[in-house]
Amino acid sequence: MRITVEGLSWAAAGTPVVRDVGLDIAPGETVGLLGPNGSGKSSLLRCVAGLRVPSAGSVRYGGETIRCWDARRIARHVAFVEQSADADGELRVADVVGLGRTPFRSRWRGPDATDRAVVAAALERLGLTGLADRPWPSLSGGERQRAHIARALAQQPWALLLDEPTNHLDVKHQLELMELLASTEQTVLVALHDLALAARYCDRLLLLHHGRLVADGSPADVLTSERLATVFEVDAGLTTDALGHPSISYRGPLRLSSRSPLEGVS
Amino acid sequence: MRHPARLGIAALALALASAGCSTATGGSSPSDTSADGTAAKATTVSSCGRELSFAKAPRRAVTLDQTSTETLLELGLQNRMAGTANLKTKIPERYRDAYAKVPVLSPKILTGEQLRAANPDFVVAAEAGLYTKDRAGTREELGALKVPAYVSAVDCPRRNGSGRTPFDLLFSDYEKLGQVFGAEDRAAKLVREQRAAVADAAGTAARVKDRPTVVWLYSALNGTPYVAGRTGMPSEMSRIVGAKNAFDDIGENWPEVSWEKIAERNPDFIVIGDLSERGRPGDSASEKRALMEKDPVMSKLAAVRENRIVEIPGIEMDPSVRTVHALRLLADGMKDLGHAR
Amino acid sequence: MPADRISVRPAASAGPAASGTSAPAAVDLLRPAARGITVTAATPPAGSRAALPRPVLVLGIALVLAASVAASVRIGAADVGYADVGRAFGVRLGLDVTPLPPLADSLVWDLRLPRVLMAALVGAALAVCGAVLQAVTRNALADPYLLGVSSGASTGAVAVVVLGVGAGALGVTGGALIGALVAFGLLLALLRRSGPDSVRIALTGVVVGQLFTALTSLTLMASADADTTRAVTHWLLGSMAPARWESVAVCAVVTPLGLTVAWLCSNALDAFAFGADTASSLGIGVRGTRTLLLVVTAVLTSVAVATVGAIGFVGLIVPHGVRFLTGPRHRVLLPCSALVGAVFLVWTDALARSVLAPRELPAGVITALVGVPLFLLVLRRRGAL
């Protein structure tokens, strides 16, 4: 499913957080969303997921604007995974993954065989089958994150929107997850902190800085020393590794620059 | 009382049978003026907005509070009572034997189930507040069950015409109850006695110089004083003996005020309600005296310093057959304190 | 064959359900294109619990409820036998039975039966309201009175009893109902601008509750004499004694309706577990659903409290106890909470009537005294969550 965003702006309590962002994600692409903290990644993702109403601009799924869509219709197109969604209570992993079937369930009937089969498939895909019966509070951070992603997959979505899903995961699970995202046929827009992961697994990268989109292209195009210095305020060198992906070697943080933050390099 | 429902049925059957027998013997004998007479005439009385009809005199009356209990016992009606409830203090000596003959249905407020289980044919209470759904049941509900529910006239002064004093209303209770039970003579005697007592106390008023003000201190729960307002018996008693209730301006029975307010009004003397029988902290008269003497403002009052205090049992300040006793104590107190010659 | 590539038969091929006539295609169920596929292969539920299947559990508790009602009708200051109940029913059905004497009949029919039925209805309503509010506010300590509705009911009741506002037409119940709805209206008005966020609901409810509690106290202090205060305090503690057929009828209509609406929102209630954004992303219209659930809760609680006063603890602990039995999914939790709440209150009311006979204790006292040990037991079994 194609996701198109035009002139998107969003403000929180009067302060602009996302400024005039436009992007176009082709069906099946795996796109990484990068930027330092406070650059507006979460807010942009939420606007694309239909969870926030933008103050300007539009979001389209497959060419159709979602402004008037209700939550259920959106949920049948797009699955969203928050950064660290937590719950009290004794939900089991299977229950949490089962929540992903909500957009397809009518009020009147309970989960049916299809629901159960999809949930089982999602658990298997994320390696959680053995944990299906475990209560939520007993899981580690990484296991919880994987459960959320299994839930998103159980929605059988056309697109996956994920907000820093690799945060609590072991390296192995980080790589497994990124492989999964890269190989699914669904459109993926994933906000990431880890530049190396983004460089390795994403088809395209979007770079946000103070709410504006300052770069949009392949990892090699987007990740340059200059951008790393401007946006992330680090001194780093970039090379290409054996597989052709950009490889970053950090030399150290830069002191606060006196340059205006809006001087972007596109 | 394991199967009071069945007991009730048996009692009802017995009552019907005895009523049948009495009709067969041709009605009450001429010398029979006591309440044990089985007068079978039908009467109707009005009580606080309801007309209560009686095909014959009740034989299973239930009283919902101590005031009503003592009234019926004073009229010698213990053999016509099926139960009492809500006793607050000890029954006076002269009623004790009679009281012992009547089953005590509950030491506290009677519930609807308990009332029905006692199978009454008449219910008597001093205030309408006892006839609510969560207590004995409403007067409408009892009326639908053909059980007349009586409320003391003192509780509804506005329904009884203007210009009648609380004592008038109290005496009208005696007369109405006497009429219902066929004990008119006994009731009339009681009314005469009590009217004389009131007149006697009113005589004091003639000999009173000025009009001393009085504060009736009922209780000081948690240190806050409750005094008599305009609407209860104390105000009326004060008026009869020629005194003035200092809190006549408050239209409640027992409003909560403050020591400062009492001191402000600087009464000439103070009546303390002795509630030692209730037994809660601060209830006895001596504790109330101590409280007043300790209070920085009250202790300076002339009434407190000079011990111008009259003690009256608290229960007698409510409208009941014992109120005239409180009235006499008040009149005697005024004399002792020198307000009346 | 890995579980995510299980055998399915596409729904379109509704031909002879012969096994093995054609090789089943391996399908990736996690693709959106797989949506049209209906799975007929019997997949065991992932992580099947050893718990009882749901219909058995519900039926079991329902039977316990019926037995409790039957037993409780007999308990009280005056013993009532089954024969007496039968006769009371029989007369009204026009059967040829000896009627009970009018007062005994009134005891059974006007007082005892409505009271027990009312206890069941109120217990069910409060338990479900507690469960719903715990999910909506994501707060394990939420109970039906969190919205301040019961404080509003108290103010309404006190206004009628003490100030005599509309006393003739309304009565305590009517006043309490109006007070409750006014308080709820205030809550909604305060939430209008910012929307029913889970924390905001709890805080606003507390504020509204405090306001109306203060108004109640003010009215009592300013105008009531000792007797009225005592009467209202008794009501504030909650008691089944005022229940009559009229109030049971109202409850019997409102409560099942409210419970059904809440049950139909089970999916949404489950989805609220991870917060508003996740719920919204799962297709729940968060604001609308929350408002609907608040309205349902407020109405159920108002009707319950208006007649019998604020009976505490049922709404707080029954959902927790039931969750321990059935798990947190609301499709099962709500019906079971309703039934268990009903059983709980029927028994606590029976205890209130009989433990200190002939005195009658307010039901709210007993629910706390019985509820606390039960609650501690649940906490211990769960490892003191």
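Just so it is clear: chains get the letters A, B, ... in the order the sequence lines come, proteins before strands, and each one is counted from 1.
Salt-bridge check for A:R52 with C:D277: passed, with a basic side-chain N closer than 4.0 Å to an acidic carboxylate O.
The minimum heavy-atom distance linking C:F274 with A:E82 is given by the pair O-OE2, 3.7 Å. Listed here is the closest heavy atom pair of C:L282 and A:G100: CD2-CA, 3.9 Å. Considering all non-hydrogen atoms of both residues, C:S280 and A:A71 come closest at O-CB, 3.9 Å. Closest non-hydrogen pair, A:R107 versus C:N267, comes out as CA-ND2, 4.3 Å. Here the closest non-hydrogen pair linking C:R138 and A:A87 is NH2-CA, 4.2 Å. Between C:R329 and A:R92, the shortest heavy-atom contact is NH1-NH2, 4.4 Å.
Looking at A:P135, neither its backbone nor its side chain comes within 4.5 Å of chain C, counting heavy atoms on both sides. Heavy atoms closer than 4.5 Å to chain A are found nowhere in C:A140, neither backbone nor side chain. Interface residue A:W136: only side-chain heavy atoms are found under 4.5 Å from chain C. Residue A:L99 touches chain C through both its backbone and its side chain, counting heavy-atom pairs closer than 4.5 Å. Within the 4.5 angstrom heavy-atom criterion, no atom of A:T184 approaches chain C. Contacts between A:V78 and chain C at a heavy-atom distance below 4.5 Å involve the backbone alone (N, CA, C, O).
Side-chain contact between C:T278 and A:F80 is absent, with no heavy-atom pair separated by less than 4.5 Å.
Annotation: maximal heavy-atom pairing with chain C below 4.5 Å, among A:R46, A:R134, A:R73, occurs at A:R46. Across A:R109, A:H77, A:R101, the residue that shares the most heavy-atom pairs under 4.5 angstrom with chain C is A:R109. Of all the listed residues (A:T102, A:V96, A:D86, A:D70), the one sharing the greatest number of non-hydrogen pairs under 4.5 Å with chain C is A:D86.
Here the OG atom belonging to C:S281 is positioned 5.5 Å from the CZ atom belonging to A:R151, to the nearest 0.5 angstrom.
Counting non-hydrogen atoms of neighbouring residues, nucleotides and ligands closer than 6.0 angstrom, the CZ atom of A:R67 reaches no more than 12 such neighbours.
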